[in-house]
Amino acid sequence: MAASFRLDGRCAVVTGASRGLGQAMAVALAEAGADVAGVATGSLDETRARVEAAGRRFTAIAQDLRGAEAARGAVAEAAAAMGRLDILVNNAGIIRRADSVDFTEADWDDVIDVNLKSVFFLAQAAARRFLTQGGGGKIVNIASMLSFQGGIRVPSYTASKSGVLGLTRLLANEWAAKGINVNAIAPGYMATANTAPLRADAARSAEIMARIPAGRWGEPTDLDGAVVFLCSSASDYVHGTVIAVDGGWLAR
């Protein structure tokens, strides 16, 4: 059974791989046997060191993912460097906070472009590569608790993550019969840079903690099992689903 979770010989692209959730998932895939191409605008040196320490190859791709051509270019560069492509983890994301009555067009467009538009065009480029190679492939999109809930003061983020969940289901419907698995992970409240303002706000942090049955903020490594499962042959009959890794938040 354990062999069905191995990723030996597979090549993965992980966006937003320079830190936080993306870095943790890149390392988890490497520890399961995959070679990894990390895409980010920040330094990928630490991610490289950790992937190579796991005995796998690492390719660093410095790319701002806004725009269809940027997305296609990142996938093409990764596939060329690694020789093939088997896995895409769509993790890159940004957040902007402001009251909705004050929210700017720039903050709307920036978040939608990175969090939703790039997810589609990266998935499209990866699927085209999978179909050309044959043998199918795995796409894992990173959704959010705000794929299910409204939140406050993050209108473009909520819209983007709601869109990611819908897009995951649509692409699964189109591509499942072609051997391409499209699924999502919805992290709960994780201790990352995106949530630093929330954790720094004592009142807001206490409100959040009071609703998490597990009694703690999540850590990036809490996603390891879910991402390895969804990228492995163990999930070959799993299509269009979302795994909430949330400490029980949605069950409350």
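Below, each value reflects all heavy atoms present in this structure, side chains not excepted, and no hydrogens, waters or symmetry copies.
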Please identify each residue that fulfils ring-ring contact (aromatic ring centres under 6.0 Å, His included) with Phe103, with sequence neighbours left out.
none
Test item: Ser233 side-chain N/O and Ser4 main-chain N/O as donor-acceptor pair under 3.5 Å
yes
Starting from Tyr237, walk the hydrophobic network (Ile, Leu, Val, Met, Phe, Trp, Tyr; side-chain heavy atoms closer than 4.5 Å) and list everyone else you reach, by chain and number.
none
Quick one: CG on Asp35 to CD on Glu52, what's the gap to the nearest 0.5 Å?
10.0 Å
side-chain contact (heavy atoms from CB on, under 4.5 Å) between Ile185 and Val227: does it pass, once the steps are laid out?
CA-CA 8 Å; Ile185 298 171; Val227 74; 3.9 Å; yes
Taking a hydrophobic cluster as the set of Ile, Leu, Val, Met, Phe, Trp and Tyr residues connected by side-chain heavy atoms closer than 4.5 Å, whether directly or through intermediates, do Leu7 and Leu223 fall within one such cluster?
yes
Any idea which heavy atoms bring Tyr157 and Ser144 closest together, and the distance?
CE2-OG, 3.8 Å
Could you state the interatomic distance from OG (Ser160) to CG (Asp113), rounded to the nearest 0.5 Å?
10.5 Å
Under the criterion side-chain contact (heavy atoms from CB on, under 4.5 Å), I'd like the reasoning laid out for Arg216 against Asp222: C-alpha separation, chi angles, the key distance, then a yes or no.
CA-CA 12 Å; Arg216 66 174 177 87; Asp222 286 321; 3.0 Å; yes
Using modelled atom types only, decide if a donor and an acceptor are shared between the side chain of Asp86 and the backbone of Cys11 within a distance under 3.5 Å.
yes
What heavy-atom pair brings Gly150 and Thr158 nearest, and what distance separates the two atoms?
O-OG1, 2.8 Å
side-chain contact (heavy atoms from CB on, under 4.5 Å) between Leu165 and Phe148, worked out
CA-CA 9 Å; Leu165 182 52; Phe148 304 96; 3.9 Å; yes
Within-4.5 Å side-chain heavy-atom neighbours: Thr47 and Val14
no
Is the side chain of Gln133 donor-acceptor paired with the backbone N or O of Leu85 at a distance under 3.5 Å, no angle test?
yes
How would you list, by chain and number, every residue that makes a side chain to side chain donor-acceptor pair (under 3.5 Å) with Glu207, sequence neighbours excluded?
Arg204
dist Leu250:CG -> Arg211:CZ (nearest 0.5 Å) comes out at 7.0 Å
Drop me the distance from Ile95's CD1 to Leu146's CG, to the nearest 0.5 angstrom.
7.0 Å
Heavy atoms, side chains only, cut-off 4.5 Å: are Lys138 and Asn183 in contact?
no
Would you say Val101 ends up clustered with Trp108 if hydrophobic residues are merged whenever their side chains have heavy atoms under 4.5 Å apart, either directly or through other cluster members?
no
More than 12 foreign heavy atoms under 6.0 Å from CZ of Arg72: is that the case here?
yes
For a quick test of reading the model, state the closest non-hydrogen atom pair linking Ala70 to Gln63 and the distance between them.
CB-NE2, 3.5 Å
Common cluster, Val182/Val119, ILVMFWY with side-chain heavy-atom separation under 4.5 Å:
yes
Lys161 side-chain N/O to Met145 backbone N/O, donor-acceptor pair under 3.5 Å:
no
Exam field: side chain Arg6 to backbone Ala32, donor-acceptor pair closer than 3.5 Å:
yes
From the list Asp102, Asp99, Asp107, salt bridge (Lys or Arg N to Asp or Glu O under 4.0 Å) partner of Arg153 resolves to Asp99
Spacing of Gln124 atom CD and Leu88 atom CG [to the nearest 0.5 Å]
12.0 Å
Indicate the atoms forming the closest heavy-atom contact of Ile139 with Phe130, along with that distance.
CG1-CE1, 3.8 Å
Using the rule that Ile, Leu, Val, Met, Phe, Trp and Tyr join whenever any side-chain heavy atoms are under 4.5 Å apart, tell me whether Met190 and Ile142 fall into a single cluster.
yes
Side-chain (Arg57) to main-chain (Met82) donor-acceptor, under 3.5 angstrom:
yes
Looking only at heavy atoms, what is the nearest atom pair of Val36 and Ala26, with distance?
CG2-O, 3.7 Å
Test your reading of the model: is there a side-chain donor-acceptor pair from Ser162 to the backbone of Ala159, 3.5 Å cut-off?
no
Run Val242 and Thr168 through side-chain contact (heavy atoms from CB on, under 4.5 Å) and show every step you take.
CA-CA 8 Å; Val242 56; Thr168 297; over 6 Å; no
What are the two closest non-hydrogen atoms of Ile61 and Ala37, and how far apart are they?
CD1-CB, 4.2 Å
Can you classify the ring geometry of Tyr189 versus Trp217 as parallel (below 30°), tilted (30 to 60°) or perpendicular (above 60°)?
perpendicular
Is the backbone of Leu122 close enough, under 3.5 Å, to the side chain of Asn90 for a donor and an acceptor to pair up by distance?
no
What's the spacing between Asp110 CG and Glu105 CD if we round to 0.5 Å?
10.0 Å
Checking the side chain of Gln23 only, and the main-chain atoms of Ser18 only, is there a donor and an acceptor separated by less than 3.5 Å?
yes
Side-chain heavy atoms under 4.5 angstrom apart, residues restricted to Ile, Leu, Val, Met, Phe, Trp, Tyr: same cluster for Leu116 and Leu171?
yes
Is a side-chain N or O of Asp224 found less than 3.5 angstrom from the main chain of Ala28, in a donor-acceptor match?
no
Is the closest side-chain heavy-atom distance between Val114 and Leu65 below 4.5 Å?
no
